[in-house]
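First comes the structure, then the notes that go with it.
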Number of protein chains: 2
Amino acid sequence: MVKYLYVEIAGALRDDIQKGVYEIHQKLPSETDLANHFSTTRLTIRKAIDLLVKQQVVVRDRNRGTYVLATQSKISSGSSGLVGFTEAAKQFQLDVSTRVLDLRRTIVYPDYVASKLDLAPQEPVWQIERLRMTDGEAMTHEQIYLKQKILPELTAHEAQGSLYRLIEQTVPIGYANQELEAVVLEKGLSDLLETAPGQPAFLAHTVAYSMDGYPILYDNSHYRADKYTFHNILQREH
Amino acid sequence: MVKYLYVEIAGALRDDIQKGVYEIHQKLPSETDLANHFSTTRLTIRKAIDLLVKQQVVVRDRNRGTYVLATQSKISSGSSGLVGFTEAAKQFQLDVSTRVLDLRRTIVYPDYVASKLDLAPQEPVWQIERLRMTDGEAMTHEQIYLKQKILPELTAHEAQGSLYRLIEQTVPIGYANQELEAVVLEKGLSDLLETAPGQPAFLAHTVAYSMDGYPILYDNSHYRADKYTFHNILQREH
DNA sequence: AAGTATTGATTGTATATACAATTTTGATTA
DNA sequence: TAATCAAAATTGTATATACAATCAATACTT
């Protein structure tokens with residue numbers, strides 16, 4: 001999984017931070033020192049630190065040093081494009097795993113699902129409930145409704161990977177409409193997400209459409225707020 | 001103002017894109033070609049392209065090339081966007097009012113503000129704390145840090161309106177970088193927002209940049225989750 | 001003692017070069 | 001023609017090195 005030197009070094013540093021070798025607000029060794037320690041060049045160290053900055057683990061302070069910001073990094077996704085959890089986490093070079101809690105073909109679903117997906121009466125959908133984890137820690141709980149006619153067959157094994165990628169083997173996805181709520185976790189979900197009730201979370205409602213504008217899937221996901229941020233680049237229109 | 005080679009090159013490329021030299025979905029010249037053209041190294045070109053990627057002007061496609069992205073639309077619908085609260089709320093035809101809680105020119109601010117705004121030591125900023133209301137109900141609490149050199153003077157009356165509009169009378173804003181957290185309100189803020197502690201809220205960190213990529217203002221806002229949702233249209237890149 | 005200049009440390013940028021990984025393209029072969 | 005293989009193109013990573021910009025600490029001068 002770990003392929004590149006700078007990713008490995010970033011991981012090593014992050015581990016050290018998590019282990020307390022470097023504490024919050026403490027300064028990391030200088031780039032040259034790190035380069036010597038890891039027997040590499042300063043530029044490779046810089047790339048490693050760049051990654052940690054992107055993950056918001058450290059901050060740079062020009063001419064002074066690099067300081068520890070948090071002991072944990074957050075995954076972040078947003079309008080940078082439509083990516084599922086798998087692809088987002090991969091950009092952070094994290095190890096993704098999935099627990100499929102439920103997978104069934106059904107004609108029983110809430111009204112708003114039928115409405116959002118523009119379903120015919122009795123039209124079957126795949127209902128997929130998954131728990132997504134990075135490095136073994138629960139991050140996201142997903143409740144997905146996918147038009148069955150898009151994917152006639154779907155195995156539990158397939159449901160473990162990137163659904164977007166799977167779907168795009170038959171229907172290219174054009175865009176999605178996402179609405180974000182901030183919520184507080186109730187008992188059931190907090191258990192699944194391995195945290196406490198009352199903790200904040202994002203609730204994202206996403207409808208993915210084909211290029212033609214036909215709805216394909218509806219996704220209702222809870223993201224642990226301590227592990228996830230949404231990130232937008234907003235262009236000013238002049 | 002433009003100091004570094006790679007920033008200049010990024011600007012030149014962005015201009016070319018805007019002028020139509022490179023059109024949407026078109027491929028940029030290869031990095032080696034660009035390096036020759038600008039009489040520099042591939043690594044400098046890469047840093048320039050890195051910047052454009054961060055600004056979402058182009059995307060990389062490994063082993064294939066760098067492609068021009070749609071520089072328009074894609075963002076900021078429904079809510080905050082780079083329109084600021086005033087402009088957003090007006091689209092909903094709501095009656096916006098503002099309570100300026102604090103307005104001061106100061107050289108005392110958190111480290112992360114100095115870092116995000118790339119402030120010189122002792123550089124003065126305007127610190128503006130506002131409560132934004134629609135139809136008399138508290139919606140948003142804003143904590144804004146604005147480089148003083150952008151706006152030498154700022155009255156409490158001016159601070160009641162749209163800051164974005166005010167700023168753009170001197171410096172056009174190019175884009176902003178927004179990060180969303182989901183949080184739970186603590187006592188002080190919940191009082192200001194006229195709700196109860198423990199209620200969920202969005203916490204948005206926004207850094208607004210000039211067209212050249214220089215930071216202008218940092219905004220730390222809490223949005224009542226029961227009154228506000230964030231809405232994105234996500235484009236799938238193919 | 002207080003201010004000033006110097007020096008070292010540290011991050012930021014830039015050049016030059018090489019190899020790796022993968023996609024595309026073109027040539028070769030069955 | 002179709003399939004296979006080889007080469008070229010292109011981005012990604014890595015090493016080595018140098019200088020610039022600025023902060024912090026030290027030494028020096030007044």
Side-chain angles (χ1 to χ4, degrees), chain A residues 1-13 22 25-54 57-69 87 90-93 165 168, chain B residues 1-13 22 25-54 57-69 107 111-112 114-123 212-215 237-238:
Chain A
M1 173 79 185
V2 180
K3 239 164 144 185
Y4 297 114
L5 184 54
Y6 79 95
V7 177
E8 256 181 49
I9 292 175
L13 289 174
Y22 308 114
H25 296 126
Q26 202 184 329
K27 196 162 91 172
L28 290 188
S30 77
E31 294 178 353
T32 32
D33 287 352
L34 287 172
N36 289 331
H37 179 256
F38 286 103
S39 310
T40 179
T41 340
R42 233 191 89 209
L43 229 140
T44 302
I45 297 293
R46 278 185 74 74
K47 288 200 73 171
I49 294 180
D50 280 345
L51 188 60
L52 293 179
V53 168
K54 208 164 82 174
V57 177
V58 300
V59 281
R60 301 193 123 109
D61 198 350
R62 186 170 185 157
N63 309 319
R64 301 222 256 183
T66 306
Y67 293 85
V68 177
L69 192 71
E87 296 168 45
K90 264 195 189 143
Q91 288 181 356
F92 281 82
Q93 273 128 349
R165 195 163 300 175
E168 291 208 318
Chain B
M1 185 86 176
V2 179
K3 239 161 140 184
Y4 297 114
L5 185 54
Y6 79 94
V7 176
E8 257 181 46
I9 291 176
L13 289 174
Y22 307 114
H25 295 128
Q26 200 184 328
K27 197 161 91 172
L28 289 189
S30 78
E31 294 178 353
T32 33
D33 287 352
L34 286 173
N36 289 331
H37 179 256
F38 286 102
S39 312
T40 180
T41 339
R42 232 189 90 209
L43 231 142
T44 303
I45 296 293
R46 277 184 74 73
K47 289 200 73 173
I49 293 181
D50 281 346
L51 188 60
L52 294 179
V53 168
K54 209 163 81 174
V57 178
V58 299
V59 281
R60 298 193 127 106
D61 199 349
R62 186 169 185 156
N63 308 319
R64 300 223 265 181
T66 306
Y67 293 85
V68 177
L69 254 182
I107 57 171
D111 282 348
Y112 59 84
S115 152
K116 295 269 188 192
L117 287 183
D118 202 14
L119 294 176
Q122 311 282 313
E123 184 176 342
D212 304 334
Y214 290 95
E237 290 149 17
H238 288 281

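Order of the sequence lines fixes the chain letters, A, B, ..., with proteins taken first and strands second; residue numbering starts at 1 for each chain. When reading the values below, keep in mind they use all heavy atoms of this one structure, side chains included, and skip hydrogens, waters and symmetry mates.
Between the OG1 atom in Thr40(B) and the CG atom in Leu5(B) there is a gap of 5.0 Å [rounded to 0.5 Å]. A distance of 12.0 Å separates OG1 in Thr44(A) from CD in Glu8(A), rounded to the nearest 0.5 Å. A distance of 11.0 Å separates CG of Asp33(A) from CG of Leu28(A), quoted to the nearest 0.5 Å.
In this structure, CG of Asp50(B) is placed 13 Å from P of dA14(C), rounded to the nearest angstrom. Whole-Å rounding puts the Glu8(A) CD to dT13(D) P distance at 13 Å. Regarding Asp61(B), its CG atom lies at a distance of 13 Å from the C1' atom of dG12(D), rounded to whole Å. In this structure, CZ of Arg46(A) is placed 6 Å from C1' of dT11(C), rounded to the nearest angstrom. Rounded to an integer number of Å, the gap from CD1 of Ile9(B) to P of dT15(C) is 8 Å.
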Protein and nucleotides 22-26 of chain C: nitrogen or oxygen contacts under 3.5 angstrom:
| from | atom 1 | to | atom 2 | distance (Å) |
| --- | --- | --- | --- | --- |
| dT22(C) | O4' | Asn63(B) | ND2 | 2.8 |
| dT24(C) | OP1 | Arg64(B) | NH1 | 2.3 |

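Residue Leu5(B) is in sugar-phosphate contact alone, with no base atom involved, counting any heavy-atom pair closer than 4.0 Å across all strands shown. Note on Arg42(B): a base of the nucleic acid sits closer than 4.0 angstrom, heavy atoms only.
Taking 4.5 Å as the limit, some side-chain heavy atom of Val58(A) sits within range of a side-chain heavy atom of Val53(A). With a 4.5 Å cut-off on side-chain heavy atoms, Leu13(A) and Leu34(A) count as touching. The closest side-chain heavy-atom distance from Arg60(A) to Asp50(A) is below 4.5 Å.
Nearest heavy atoms, Ala10(B) versus Leu51(B): CB-CD2, 3.9 Å. Here the shortest heavy-atom pairing between Gly65(A) and Lys27(A) reads CA-CD, 4.1 Å.
Put simply, Thr40(A) has a side-chain N or O that comes within less than 4.0 Å of OP1 or OP2 on dT15(D). Dashed line: the shortest gap from a side-chain N or O of Tyr6(A) to OP1 or OP2 of dT13(D) is under 4.0 Å. The side chain of Lys47(A) contributes an N or O atom lying less than 4.0 Å from OP1 or OP2 of dT13(D).
Nucleotides of DNA chain D nearest to Leu43(B) and Leu28(B) differ in position, and the one nearer the 5' end is that of Leu28(B).
Non-hydrogen atoms lying under 4.0 Å from DNA chain C are contributed by nothing in residues 30-39 of chain B.
For Arg46(A), the side chain to side chain donor-acceptor pair (under 3.5 Å) test picks out Glu31(A), with sequence neighbours left out.
Picking from dT13(C), dT11(D), dT17(C) the nucleotide with the shortest atom distance to the side chain of Thr41(B) gives dT17(C).
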